[in-house]
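Encoded as structure tokens, the structure appears first; notes follow it.
Every value quoted in this text rests on a predicted model; they were computed, and no experiment measured them.
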Amino acid sequence: FRVARGRERARVGHEAILVVEQERGVVDVHDRAARGVHHDRSLGQLGDGSTVRSLVPKEIPTHALLDGKTIISAGAGYLHSLVLSSDGSLVSWGYNIYGQLGDGSKTHRSSPVAVNQMGTLAGRQVIAIAVGPYHQLVLCADGTVHAWGHNSHGQLGDGSKNDASLPVQVQQVGVLANKRVVSVAAGAYHSLALCSDGTVVSWGFNEEGELGNGSLVSSLLPVAVDTAGALAGKRVTQIAAGQYHNMALCSDGTLVSWGYNLRGQLGNGSTSHANAPVAVNQSGVLAGKMIRTLRAGLFHSAVLCDDGTVA
């Protein structure tokens with residue numbers, strides 16, 4: 001298999017770092033647990049057919065499911081990984097206690113397995129993926145969103161709290177009715193979707209305001225992120241989901257954030273949680289800079305600027 005150029009090159013999970021190496025056309029993995037991060041668990045997250053940890057990056061061996069494929073996106077969750085090929089096919093491996101591999105089982109896999117793309121994904125072209133710690137989201141060319149894995153707080157968006165080992169469709173009713181989703185992001189127990197009209201919807205866990213709708217009530221179905229206050233009159237162009245917080249970039253270059261903020265990850269100069277979007281302080285190191293890409297981690301946030309600097 002080979003890797004398409006111009007794509008993001010790494011995704012960091014809790015126990016493995018997944019690197020898409022463009023020049024050599026391979027996928028490398030590096031076990032973070034081998035460096036003393038988190039606890040001692042080897043459940044096949046390296047995808048090399050073993051449960052042996054590695055102190056250096058390892059190339060995933062040639063596999064029938066990846067032969068002749070061009071990988072366009074890759075993501076790492078908690079002890080598992082997911083990759084998307086240019087033909088829309090999906091392959092996963094690793095930890096699978098909640099069905100997060102999407103192969104219809106809850107069996108851990110040390111080698112790549114195919115995500116079951118029958119059922120709700122039949123006849124649809126997957127164009128983007130978002131990998132959470134225990135659940136996955138995929139966006140299809142027709143604007144529909146599908147999910148599988150852990151669903152304890154409704155993060156799959158299908159109106160239930162049932163885990164799913166096969167893809168289920170996010171219910172595009174209510175605030176998502178007649179809207180086209182163009183981007184998705186997965187947090188720990190919540191999910192986000194950006195629509196073509198520049199609005200954002202969310203679903204799942206909401207005890208720290210992760211859904212951004214002005215409440216602290218979790219939701220099994222999509223709800224609208226509040227467009228008053230910091231988002232008034234703005235159009236969102238990018239989204240990022242952290243463990244319990246989110247960021248959004250607007251077309252005018254401004255940044256907003258919401259959710260958990262005990263460590264200042266919202267960037268607004270406080271440590272108070274926000275259940276609706278607040279403006280990120282763009283004075284100081286961000287003054288006069290154009291933001292290109294944003295990322296949200298466990299308890300921190302980062303942006304890449306057009307001049308190549310990171311804040």
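The six-membered or imidazole ring of Phe205 lies away from that of His190, with a centre-to-centre distance of 6.0 Å or more. A centroid separation of less than 6.0 Å is found between the aromatic rings of His108 and Tyr95.
With hydrogens and angles ignored, the 3.5 Å screen pairs no side-chain donor or acceptor of Gln136 with any backbone N or O of Pro167. Counting only distance, with no hydrogens or angles, the side chain of Gln172 and the backbone of Asn178 share no donor-acceptor pair below 3.5 Å. Between the side chain of Ser105 and the backbone N or O of Thr107 there is at least one donor-acceptor pair closer than 3.5 Å. Between the side chain of Ser165 and the backbone N or O of Gly99, no donor-acceptor pair lies under 3.5 Å. Within the 3.5 Å criterion, the main-chain N or O of Ser89 finds no donor-acceptor partner in the side chain of Gln125.
In this model, no donor atom of one side chain and acceptor atom of the other lie less than 3.5 Å apart for His80 and Ser92. In this structure, a donor-acceptor pair under 3.5 Å is absent between the side chains of Ser219 and His153. Side-chain N/O atoms of His273 and Asn261 include no donor and acceptor closer than 3.5 Å. A side-chain N or O of Thr144 and one of Arg124 form a donor-acceptor pair less than 3.5 Å apart. Side chain to side chain, Thr120 and His146 meet the donor-acceptor criterion of an N or O pair below 3.5 Å.
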Checklist entry - When you look at Val145 and Cys140, which way does the side-chain contact (heavy atoms from CB on, under 4.5 Å) test go after all the steps? => result CA-CA 6 Å; Val145 181; Cys140 295; over 6 Å; no

Checklist entry - Could you walk me through whether Lys289 and Thr309 pass the side-chain contact (heavy atoms from CB on, under 4.5 Å) check? => result CA-CA 9 Å; Lys289 299 208 175 187; Thr309 58; 2.9 Å; yes

Next on the checklist: Quick one, Asn206 with Asn213, criterion side-chain contact (heavy atoms from CB on, under 4.5 Å). Give me CA distance, side-chain angles, the key distance, then yes/no.
Outcome noted: CA-CA 9 Å; Asn206 196 32; Asn213 66 336; 3.5 Å; yes

Item to check | side-chain hydrogen bond (donor to acceptor under 3.5 Å, both in side chains) evaluation trace for Ser301 with His245 | outcome: CA-CA 9 Å; Ser301 304; His245 76 289; 2.8 Å; yes

Checklist entry - Can you check side-chain contact (heavy atoms from CB on, under 4.5 Å) on Ile97 and Lys106, steps first, answer last? => result CA-CA 5 Å; Ile97 193 171; Lys106 292 187 178 180; 6.0 Å; no

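Taking CH2 of Trp203 as the reference point, atom CG of Leu211 lies at 10.0 Å (rounded to 0.5 Å). The distance from the OG1 atom of Thr51 to the CD atom of Gln45 is 9.0 Å, given to the nearest 0.5 Å. Here the OG atom belonging to Ser183 is positioned 9.0 Å from the CG atom belonging to Leu192, to the nearest 0.5 angstrom. Annotation: the span from Gln243 atom CD to Glu208 atom CD amounts to 10.5 Å, rounded to 0.5 Å. Between the OG atom in Ser86 and the CD1 atom in Ile71 there is a gap of 9.5 Å [rounded to 0.5 Å]. Note that CG of Asp103 is 12.0 Å distant from CD of Gln117, once rounded to the nearest 0.5 Å.
Hydrophobic clustering (ILVMFWY, side-chain heavy atoms < 4.5 Å, transitive): Val184 and Val170 are in one cluster. By the criterion of side-chain heavy atoms lying less than 4.5 angstrom apart, applied directly or through intervening Ile, Leu, Val, Met, Phe, Trp or Tyr residues, Leu79 is grouped together with Tyr189 in one hydrophobic cluster. Criterion: ILVMFWY side-chain heavy atoms under 4.5 Å apart, direct or through other members. Under it, Leu294 and Val285 are part of a common hydrophobic cluster. Residue Leu249 is grouped with residue Leu286 when hydrophobic side chains (ILVMFWY) are merged at heavy-atom distances under 4.5 angstrom, including chains of intermediate members. Both Val138 and Ile72 belong to a common hydrophobic cluster when Ile, Leu, Val, Met, Phe, Trp and Tyr are linked at side-chain heavy-atom distances under 4.5 angstrom.
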Show me, pair by pair, the donor-acceptor contacts under 3.5 angstrom made by side chains of residues 224-234, not counting sequence neighbours?
unit_1, atom_1, unit_2, atom_2, d
Asp226, OD2, Ala228, N, 3.2
Lys234, NZ, Asp252, OD2, 2.6
Lys234, NZ, Thr254, OG1, 3.2

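Between Tyr260 and Phe299, the ring planes are tilted. Angles from 30° to 60° get that label.
What you find for Ser160 and Asn151 is that their closest heavy atoms are O-ND2, 2.8 Å. Here the shortest heavy-atom pairing between Pro112 and Val91 reads CB-CG1, 3.2 Å. Nearest heavy-atom pair across Ala186 and Ala130 is N-CB, 3.8 Å. Nearest heavy atom pair, residue Pro133 against residue Ala188, reads CD-CA, 3.6 Å. Ala114 and Leu65 make their closest contact through N-CD1, 3.4 Å (heavy atoms, listed as atom of the first residue, atom of the second, distance). Summarising the geometry of Ala248 relative to Val236, their closest heavy-atom pair is CB-CG1, 3.8 Å, with the distance given to 0.1 Å.
Side-chain atoms of His150 and Gln155, non-hydrogen and from C-beta on, do get closer than 4.5 Å to each other. Residues Trp258 and Asn246 meet the side-chain proximity criterion, which asks for heavy atoms closer than 4.5 Å. Using a 4.5 Å heavy-atom threshold, the side chains of Ile129 and Leu90 count as touching. Looking at Lys69 and Val83, their side chains never come closer than 4.5 Å, going by heavy atoms from C-beta outward. Taking the side chain as every heavy atom from C-beta outward, Leu304 and Ile291 never approach each other to under 4.5 Å. For the pair Cys250 and Leu255, the minimum side-chain heavy-atom distance is 4.5 Å or more. Side-chain contact between Val280 and Leu266: absent, with no pair of heavy atoms (C-beta onward) separated by less than 4.5 Å. In this structure the side chain of Val131 never reaches within 4.5 angstrom of the side chain of Leu137, judged on heavy atoms.
Under the rule for a salt bridge (Lys or Arg N to Asp or Glu O under 4.0 Å), the partners of Lys179 that lie at least two apart in sequence or sit in another chain are Asp197. Checked against salt bridge (Lys or Arg N to Asp or Glu O under 4.0 Å), Arg292 has the following partners two or more places apart in sequence or in another chain: Asp306.
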